[in-house]
Protein chains: 2
Amino acid sequence: MPTSKDVARLAGVSQSTVSYVMSGRRPISEKTRKRVEDAMAQLAFQPNAGARALASRRSQVIGLAIPFVPDLHMGSIMEFISVIAATARQSDYDILLVTDDEGPQGLERVVGQQLVDGLIIMQVEGDDARVPVIRKLPVPSVLIGIPEDSKGLECIDADFELAGAMCVEELAQLGHETVTLVDWQDAVVRRHVNYVKRFHRGVDKAAAATGTKVIKVPGRVTIAGMEKAVTKALKETNGIPAFIAPEAANQDLLVEALHNLGLVLGEDASVVVNCSDRIAERQRIPLTTIGFEPDEVSRRAVHRIVRDLTDTTSRAHEALELIRPVLKRRKSTIRLRPQR
Amino acid sequence: MPTSKDVARLAGVSQSTVSYVMSGRRPISEKTRKRVEDAMAQLAFQPNAGARALASRRSQVIGLAIPFVPDLHMGSIMEFISVIAATARQSDYDILLVTDDEGPQGLERVVGQQLVDGLIIMQVEGDDARVPVIRKLPVPSVLIGIPEDSKGLECIDADFELAGAMCVEELAQLGHETVTLVDWQDAVVRRHVNYVKRFHRGVDKAAAATGTKVIKVPGRVTIAGMEKAVTKALKETNGIPAFIAPEAANQDLLVEALHNLGLVLGEDASVVVNCSDRIAERQRIPLTTIGFEPDEVSRRAVHRIVRDLTDTTSRAHEALELIRPVLKRRKSTIRLRPQR
DNA sequence: TTGGATTGTCGATGCGTATCGACGATGCGC
DNA sequence: GCGCATCGTCGATACGCATCGACAATCCAA
């Protein structure tokens, strides 16, 4: 493997000049730069990452803490990872995976070894064991999700409260006076306390503001359970029923349950779900969705950690950033009264 | 951050002794080792990865080339990644992501910069653009999937041929004389030529061996299309129909289509699909599956690359390793004649 | 008891890059 | 034409660890 010294020799300059050509931290004449760049190209030179990290004390690598995977819909996690890695590359960073089975010490390790310059922590939950560890680490981190106590931390998440409100407002505006919220599954509700609570708050506020009645039924795992829950909700509803299913895992069950009960989406019932556009569009009846914009969240997370690593000036960017969800109207909702 | 020199000073030994304690490449007396280890613990010492890589010429990092994501079922990709990362840690390696949007040059970059010691390439397809690049790289790599010309490469994949054969044999043994293969979607068939072909070969061989008639219908994207395909297949079948759906994306459609046509799985029809056990078990009627064992494939891939990186002796481990699929009998298949 | 092998430790050096201070060359205003 | 700032380049050094050769101490066999 060629080194910068080889490049220097071939270009007839000193090694430090080669370094300055790469970094641009000192002015270099056009002539010299050209010679060096030609030499680099000719040798197919690539700077050695280890040496670079050692000398500069920065690895140009960001650690990405990925969640343990038992969640049903991990397709979305993959979307995050993919976008995060691609976005990081645009700022000349690479992504190193930190899995959960090393526990929070995994974070201490990669930071301690100076393998990474900063961290992005995915799927942060209410009382996340990683949070206290992160607070002590001497590198910046950005959390995706919001822990119970977010003071002093940089957090990014979808605006679940707004999402909840938007769902209710949309349905209310369509003319529904009663809506049923098919909740997250119990296991999730207990764990991810945080964003579920926020979604509920949004729903409740919008319900109060619009005078909508909200029925909450717990999330189900089986189709039979879902049919029972839907049936119960139907009894309490006058007129055309409306459903909100923020957890993607519930969506299939809800749609199927309604189908089995003889209700046609967009005619006999309104449904708003959260799932990827690709999936929503493929349904027999394309679903109206409230999108949590994982791509946008991912991009913002990378941009923020990169900024932390670049602007050495303004430390402590404490801030909580909420990404606005997007409502996409498709065929699964029905207008009961003329648009205001 | 403490360095090995700090540890040495505190322990009253030389820096090289500290290094030998860590690597074990020279004998160290019990007493000295204890003193050094205590000093390390006291200072919470962690060796600097950059310095280590520079001096030892190995980064202890494996590059993982992840596929571009437009595939529907990317949940499974996440499973691979997760297991790969965890397994790598067990051998003291970390995982660096290499996304596809840098193109094959991404691989050249991470290797050229000596960021990684080796590569695992996921989702290798018939004429994968990364393959020619990999052949030229001066580090070992392990492919998951099999390219057209696999000579001289280390490849691991599920044994699709065996899987195809197992599906047909299972259904034949249950007493079905005609089975319908719901094929991969056209786009996939054209791209991933390789494993689709292998699956077909297995199906054909087993069909010939068992005297089973096989109807092939193309994979569908819509429920209407699937219903039509199923109807057509039913016409050509005498008695209880049987279906094989190796592509996970087709499974929901197939199950729903059969349901809509009034056929009950395990009573009026047999169905064998490929999807994760978790999902298969959750269906209203738990599905008999042919599992492609992504965890096992992932683990083997890591073990092989680690071996390549460790055994510097025996180079060129060219080998094609096929992981045996697993058939799990559930409720979606029906026995038509007593077991032999 | 002595020679040679083995064990345990140290000092010195190199890995490839970034960066600092130094210094000659050039341009500017007066 | 002079001093002075700016530009462009070089040499030297540091970064933290692994590794090699050297060497003192210990052990065993003859």
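Predicted model, so just to flag it, every value in this text is computed and none were measured. Quick note on labels: first sequence line is chain A, next is B, and so on, each numbered from 1.
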*Whole angstrom value for the distance that separates C1' of dG16(D) from CD of Q60(B)*: 16 Å

*Mind calculating the distance between CG (L115(A)) and P (dG16(D)) to the nearest angstrom?*
15 Å

_Contacts of D117(B) that satisfy side chain to side chain contact (heavy atoms under 4.5 Å, CB included) - sequence neighbours left out_ = R58(B), S59(B), Q60(B), Y93(B), L309(B)

*Give the B/S/- string for nucleotides 12-20 of chain C, one per nucleotide from 5' to 3', where a protein heavy atom under 4.0 Å of the base yields B, of only the sugar-phosphate yields S, and otherwise -.*
--BBBBBBB

_For Y20(A), give me all partners under ring pair (Phe, Tyr, Trp, His ring centres under 6.0 Å), at least two apart in sequence or on another chain._
none

*Under the ring pair (Phe, Tyr, Trp, His ring centres under 6.0 Å) rule, collect the residues that match up with F45(B), sequence neighbours excluded.*
none

*asked:* My understanding is that only residues two or more places apart in sequence, or in another chain, count here; which of them pass side-chain hydrogen bond (donor to acceptor under 3.5 Å, both in side chains) with E102(B)?
replied: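 E102(B): side-chain hydrogen bond (donor to acceptor under 3.5 Å, both in side chains) contacts with R89(A), R109(B).
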
*Please, which pairs that meet salt bridge (Lys or Arg N to Asp or Glu O under 4.0 Å) have at least one residue in residues 43-52 of chain A, sequence neighbours excluded?*
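Residue pairs with at least one partner in residues 43-52 of chain A: there are none.
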
